Amino acid sequence: MYKILTIVGARPQFIKAAAISHTIKEKYADAISEDILHTGQHYDDAMSAQFFRELDIPQPRYNLGVGSGRHGAQTALMLKGIEETLLNNQYDGVLVYGDTNSTLAGALAAVKLHIPVFHVEAGLRSFNREMPEEVNRVLTDHMSALLFAPTETAVHNLSKEGFDEKQIVFSGDVMFDNVLHYSKLTTYNLQLSSFILATIHRDFNTDHPERLKNIITALNEVAEQYDTDILFPIHPRTKKIIDSMSGISFSPRINLCNPLSYLETLAALQKSRLVLTDSGGLQKEANFCDKCSVVLRPETEWVELVNDGSTILADADRNRILTAVQKLIDHTPIRTHHFGDGNAAGKIIRNILSL
Ligand code: UD1
């Protein structure tokens, strides 16, 4: 029996891990056993526990409870706790997801103990080293034994960086697996019937008051100009910062709410007219649900969506946001075929078992 430790800590990782955990349980339970370690990076019920309940993810065997903090201190606490867990137990491999501080800490603790690291969502690049996520993903790739690339662009990025071709696996995207699996189960408890979905959480938007103000001004104008509601589930980071700022006001058409669950998010995507976001995951999920997205960043890792015309990069620029909304609102994008066949999780597990 192959024993794997899955390391998660932040909201998008719970969602990605759900795809693998289900597939292990349903198809590979006699070959591989999985324990989950939660670093505690995200800890509010709406950011963490509700995903475990709703997506039926096995309860974490270990929870480090590190909480929030500066990057160095947060990552250091994770590193210490993960190393102790790995030393006190016997794992054949460690599975990490994406690009958060939990990903970096998991990979670094394991590689120093000579335990193979498997990176799901490898090879993504924004080529912007000021993003903490970019640093995390580049370093994690370089510590990994197998690199599971969600797109051909990611495969290409890794080849250019000189990785051994045998390490790179084009797996497709587990988030596409999830949309296919869960979209039939969506639950929608919101009153709105027609709306734009908006989210903001990246530090380069939240931690720069001018950028945040520009985005909120643009949201207010979009709501008025298109006589539309905007559903704005607000990340705790963004909420704290907006609450502390003066001179911010929202149009009554902007409906602020707590972070949605995964199934609520899918339902909201299906009903939305357009998505405005700085999230990488939501850009893709919008496309998987046949919606376009205006991305509140200067660049994206998901260049396929830009090339296909389903995403426009508008940064935090009021004029660019308004122009992009005009172009994409109520527009149905072409369904992309860049993210695999919906069986990424199975491919990942088979490759780990055959290493
Ligand atoms: C992290 C990831 C990012 C991912 C995002 C998804 C890093 C560097 N960033 O960003 O890649 O897209 O998660 O959400 O790992 N907070 C709470 N309650 C919570 C969680 C966070 O109040 O449950 C607040 C805290 O004030 C904290 C802030 O949000 O300081 C930011 O949390 P942090 O862990 O730094 O990451 P995210 O911004 O969520």
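Counting starts at 1 for both ligands and their atoms, in listed order. Everything numeric in this text was worked out from a predicted model, so none of it was measured.
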> Short list, please: which atoms of ligand 1 are under 4.0 Å from a heavy atom of Asp99?
11 (O)
> Is there a nitrogen or oxygen of His71 sitting under 3.5 Å from a nitrogen or oxygen of ligand 1?
no
> Below the 3.5 angstrom mark, is there an N/O of Glu133, backbone or side chain, next to an N/O of ligand 1?
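Yes.
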> Nearest heavy atom to atom 8 (C) of ligand 1: which of Asn101, Thr39, Leu282 does it belong to?
Asn101
> May I ask you to identify the nearest protein heavy atom to atom 5 (C) of ligand 1, giving residue, atom name and distance to one decimal place in Å?
His201 NE2, 3.6 Å
> Is the distance between the ring centroids of Phe339 and Phe288 under 6.0 Å?
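Yes - the distance between ring centres of Phe288 and Phe339 falls below the 6.0 Å cut-off.
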> Considering non-hydrogen atoms of the protein only, which is the closest contact for atom 27 (C) of ligand 1, and what is the distance?
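Looking only at protein heavy atoms, the one closest to atom 27 (C) of ligand 1 is Ser68 OG, 3.3 Å.
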> Of Glu161, Glu301, Glu134, which meets side chain to side chain donor-acceptor pair (under 3.5 Å) against Arg125?
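So, applying the side chain to side chain donor-acceptor pair (under 3.5 Å) to Arg125 and each of Glu161, Glu301, Glu134, only Glu161 qualifies.
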> Apply side chain to side chain contact (heavy atoms under 4.5 Å, CB included) to residues Thr199 and Val275 and explain how you reach the verdict.
CA-CA 8 Å; Thr199 75; Val275 176; over 6 Å; no
> Think Lys3 forms a cation-pi with Tyr91, using NZ or CZ under 6.0 Å from the six-ring centre and within 45 degrees of its axis?
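Pair Lys3/Tyr91 counts as cation-pi.
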> Counting only heavy atoms, which portion of Arg237 has something under 4.0 Å from ligand 1: side chain, backbone, both, or neither?
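Both parts.
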> For Ser144 and Leu147, indicate whether the former's side chain and the latter's backbone hold a donor-acceptor pair under 3.5 Å.
no
> Could a heavy atom of Gln74 be found less than 4.0 Å from some atom of ligand 1?
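Flag set, Gln74 near ligand 1.
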> Is a side-chain N or O of Ser293 found less than 3.5 angstrom from the main chain of Val295, in a donor-acceptor match?
no
> Taking the inter-plane angle between the rings of His42 and His235 on a 0 to 90° scale, is it parallel (under 30°), tilted (30 to 60°) or perpendicular (over 60°)?
perpendicular
> Counting non-hydrogen protein atoms only, what is the nearest one to atom 17 (C) of ligand 1? Give residue, atom name and distance.
Tyr43 OH, 3.2 Å
> So if I count the atoms of ligand 1 from 1 in the order they appear, which ones are less than 4.0 Å from some heavy atom of Gln41?
1 (C), 7 (C), 15 (O), 33 (P), 34 (O), 36 (O)
> Give the residue, atom name and distance (to 0.1 Å) of the protein heavy atom nearest atom 2 (C) of ligand 1.
Thr100 CG2, 3.7 Å
> Less than 4.0 angstrom from a charged side-chain N to a carboxylate O is my criterion; do Asp141 and Arg137 meet it?
no
> Does Glu152 have any salt bridge (Lys or Arg N to Asp or Glu O under 4.0 Å) partners at least two apart in sequence or in another chain, and if so, which?
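Listed in chain order: nothing, the list is empty.
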> Side chain, backbone, both or neither: which applies to Ser48 and ligand 1 if a contact is any heavy-atom pair less than 4.0 Å apart?
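For Ser48, there is no contact with ligand 1 at all, from either part.
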> Please could you name the atoms of ligand 1 that Lys240 approaches to less than 4.0 Å, counting only its heavy atoms?
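Listed by number with element: 22 (O), 24 (C), 25 (C), 26 (O).
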> Mark yes or no for whether Asn255, through its side chain, and Arg253, through its backbone, hold a donor-acceptor pair below 3.5 Å.
yes
> Counting non-hydrogen protein atoms only, what is the nearest one to atom 18 (N) of ligand 1? Give residue, atom name and distance.
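Going by distance alone, atom 18 (N) of ligand 1 is nearest to Asp44 OD2, 2.9 Å.
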> For ligand 1, is any non-hydrogen atom under 4.0 Å from His42's backbone (N, CA, C, O), its side chain (CB onward), both, or neither?
both
> Counting each atom of ligand 1 from 1 as listed, which ones have a heavy atom of Pro12 under 4.0 Å away?
6 (C)
